K.L.:
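Pasting a structure below so you can have a look.
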Amino acid sequence: MITSVFTEELMIKELKASSKADVIKEMVEVLNANGKLSDKEAYLNAVVKREEEFSTGIGMGVAIPHGKSSGVKEPAVVFARSQAGVDYESMDGAPAHLFFMIAVPDAANDEHLKILSSLSRKLMHANVREALMAATTYDEVIEIIK
Amino acid sequence: MKFVAVTACPTGIAHTYMAAEALKIKAEELGYDLKVETRGSVGAEDELTPEDIAGADAVIVAADAQVPMDRFNGKKLIEVPVADAIKDPESLFKKASAAPVYGKSLQDSVDEIKSERSSERKGVYKHLMTGVSFMIPFVVAGGLLIAFSFIFGIEAFKEEGTLAAALMTIGGGSAFALMIPILSGYIAFSIADRPGLVPGMVGGMLAASANSGFLGGIIAGFLAGYVAKAIRDNVKLPKSMAGLMPVLVIPVFSTLIVGLVMIYVVGKPVGAINTSMNEFLKSMSGTNSIILGLLLGLMMAFDMGGPINKAAYAFGVSTLVAGATSPIMAAVMAAGMTPPLGIALATTLFSKKFTAQEHEAGKAAWAMGISFITEGAIPFAAADPLRVIPSIMVGSAVTGALSMLFNCGLAVPHGGIFVLFIPNAVSNLAMYIVSIAAGVGATAAMLFVTKKDIA
């Protein structure tokens, strides 16, 4: 179940950040505040390193910063939105509006990994992205991605 | 168009799956058939089987991580970063279908495509050949061991406890008994891979025990192969029960279906054929003996151990009266010796028309032919029935008709060349040998005309 990795506290309805680096920091902060991280710096470094290899701004308004790190206590997903859009160095050059940050511990079980992989698959569908932009509550978001 | 793809990324959490999904969405839109193997942090999922790869027109590898590539040798393939599959999946399908063949030079790939085309045409032929190539050693081993038993005397095997009897049990009772199940089993194996083996072998066993001969065995093999494949491809169990498919669902149901069809549909007419053939032959016995010999020859060669052959043989045996020679028995045995001998002669004379394996089987066919073991011709007939069966029928018909024309006679029901040296077993011996030789020559000539050179 997606609810096992994505709880209401992990949703940011409107991001304050307006740059890529700040978006990542803001989302990592939410993970940390909810006790998902044992070593915030280690996880942040993993995410940033992943972004340096290749931006996770996959285009179509979606970005999925993610990292696998021993600094993660349990698998978690943060969902954030920016109506204004953020320049995320996306593949298509367009601003990103939907952000899914995925945190995976070094030793994650397959069940969680499968939840995350199916979430990734869902994001490729245009109707899912449109619905996520329009969603106003946590329950609506869950309904779309479950 | 059929594609296979592999997606992989360094973390294996997101991009692998997004790329896979993007390709799937686009393939559906464009009407392509696509299977995607994802190599993420869970490990490889939806792993491509050799059959998947063989059936694909082109391969797309969208990966920023190591992917095993050897399996794609000889396929059109493009390798791109995983991001490309997310960004522009459509162009990947176009590029892949025009891509050069992986692991091969351009000339190789041209040859490859040529031979691929010819092998596709030969799908059914390929399945038959697989079955036949597994069957040949059984025929050779069984046939030669039976021939060895005849060395002790034609009837020696009837004496229990003797070496001759043991040889007959090994060769006739066991190796020959496995011959048709092996043929059917591996025809089905060629079609459906491992799931085909069980229904194929059981179906072949039923073909053998119901006397529908090797033609029934071929039917059983194809039936089993396609039934097992259909179950494997169409029956979807929930993931938790998927492990039951190979050990329970496929073997039980495919065997059930094939078994019932073999007994109630294929097996039924066999008994009827046998009886009606017997009646027919009895009604013929008063008429022109040359036409009767010709008919017996056609029947002996048609299915080599199947119901029609057996009917002819039983009819021959029924004409035997102790101490006298029977022209009908003589025609039957001669016509049963001709098929393997004619084929053996053809493999010797026209070596280009036969595979290396068939050359070896041809040598054994000499020994089986002179021993009146008609089954020696089965591997050749099963591999190429439409050309070989008519050829051997013509040869046997010539032999049967000539044997009757020359009024040759035979006093014993079996024995092949070994009885020719027994005084009084054969009447008009010289012309009997001429009759056999003529049929052998006719079969070889027919094969020369009908069979094409192997490229």
Side-chain angles (χ1 to χ4, degrees), chain A residues 5 43 46-69 72 75-78 89-94 98-129 145, chain B residues 3 5-30 32 34-47 60-67 79-93 238-240 242-243:
Chain A
V5 292
Y43 175 68
V47 172
V48 171
K49 186 164 166 280
R50 179 69 190 81
E51 292 299 328
E52 279 165 4
E53 278 168 10
F54 203 88
S55 171
T56 64
I58 56 162
M60 302 164 288
V62 178
I64 34 144
H66 56 274
K68 192 173 184 178
S69 161
V72 179
V77 170
V78 180
E89 300 163 0
S90 293
M91 287 184 209
D92 59 359
L98 299 171
F99 302 84
F100 280 92
M101 173 171 277
I102 299 171
V104 180
D106 264 345
N109 67 25
D110 281 3
E111 194 193 340
H112 284 128
L113 293 171
K114 281 189 176 158
I115 292 168
L116 298 172
S117 70
S118 78
L119 172 65
S120 301
R121 284 177 184 273
K122 288 209 172 73
L123 290 175
M124 299 313 295
H125 294 261
N127 55 345
V128 170
R129 295 192 299 267
I145 61 174
Chain B
F3 291 89
V6 182
T7 61
C9 62
T11 341
I13 290 171
H15 285 73
T16 302
Y17 305 100
M18 291 190 294
E21 196 68 12
L23 287 169
K24 272 191 185 165
I25 293 169
K26 194 47 82 177
E28 210 162 290
E29 215 177 289
L30 299 171
Y32 296 148
L34 172 72
K35 182 173 174 187
V36 188
E37 171 179 306
T38 53
R39 304 182 70 85
S41 45
V42 192
E45 289 173 284
D46 297 321
E47 217 164 334
I60 298 170
V61 176
D64 296 333
Q66 271 301 328
V67 168
E79 246 185 305
V80 295
V82 68
D84 284 18
I86 301 170
K87 208 164 36 180
D88 187 6
E90 186 165 357
S91 77
L92 297 190
F93 290 108
K239 260 208 170 138
S240 55

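Each chain gets a letter, A, B and so on, in the order the sequences are listed, and its residues count up from 1. Just so you know, these numbers come straight off a predicted model, no measurement behind them. What you see below is based on every heavy atom in this structure, not just the backbone, and it leaves out hydrogens, waters and symmetry mates.
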K.L.:
For atom CD of E53(A), decide whether the heavy atoms of other residues, nucleotides or ligands shown that lie under 6.0 angstrom number more than 12.
P.N.:
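Correct, the count exceeds 12.
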
K.L.:
What part of T38(B) is in contact with chain A, defined as an atom under 4.5 angstrom from a non-hydrogen atom: side chain, backbone, both or neither?
P.N.:
side chain

K.L.:
Heavy-atom distances under 4.5 Å only: say whether I102(A) touches chain B with side chain, backbone, both or neither.
P.N.:
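For I102(A), side-chain heavy atoms alone lie under 4.5 Å from chain B.
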
K.L.:
With the side chain counted from C-beta on, respond yes when K24(B) and R121(A) share a heavy-atom pair under 4.5 Å apart, and no when they do not.
P.N.:
yes

K.L.:
Within a strict 4.5 Å, meaning less than it, do heavy atoms of the E21(B) and K122(A) side chains meet?
P.N.:
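A side-chain contact is absent here, since even the closest heavy-atom pair is not under 4.5 Å.
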
K.L.:
Quick check for you: to the nearest 0.5 Å, what is the distance between L23(B) atom CG and M124(A) atom CE?
P.N.:
9.0 Å

K.L.:
What is the distance from atom CD1 of I86(B) to atom OG1 of T56(A), rounded to the nearest 0.5 Å?
P.N.:
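Going from CD1 on I86(B) over to OG1 on T56(A), the span is 10.0 Å.
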
K.L.:
Select one option (side chain, backbone, both, neither) describing which atoms of I25(B) are under 4.5 Å from chain A's heavy atoms.
P.N.:
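Contact with chain A is through the side chain of I25(B) alone.
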
K.L.:
Quick check for you: to the nearest 0.5 Å, what is the distance between M60(A) atom CE and M18(B) atom CE?
P.N.:
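Answer rounded to 0.5 Å: 8.0 Å.
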
K.L.:
Please flag which part of S55(A) lies under 4.5 Å from any non-hydrogen atom of chain B: side chain, backbone, both or neither.
P.N.:
backbone

K.L.:
Please tell me if the side chains of R50(A) and H15(B) come closer than 4.5 Å, counting only heavy atoms from C-beta onward.
P.N.:
yes

K.L.:
Tell me the closest heavy-atom pair linking I64(A) and A14(B), and the distance in Å.
P.N.:
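Scanning both residues completely, I find the closest heavy atoms to be CD1-CB, 3.2 Å.
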
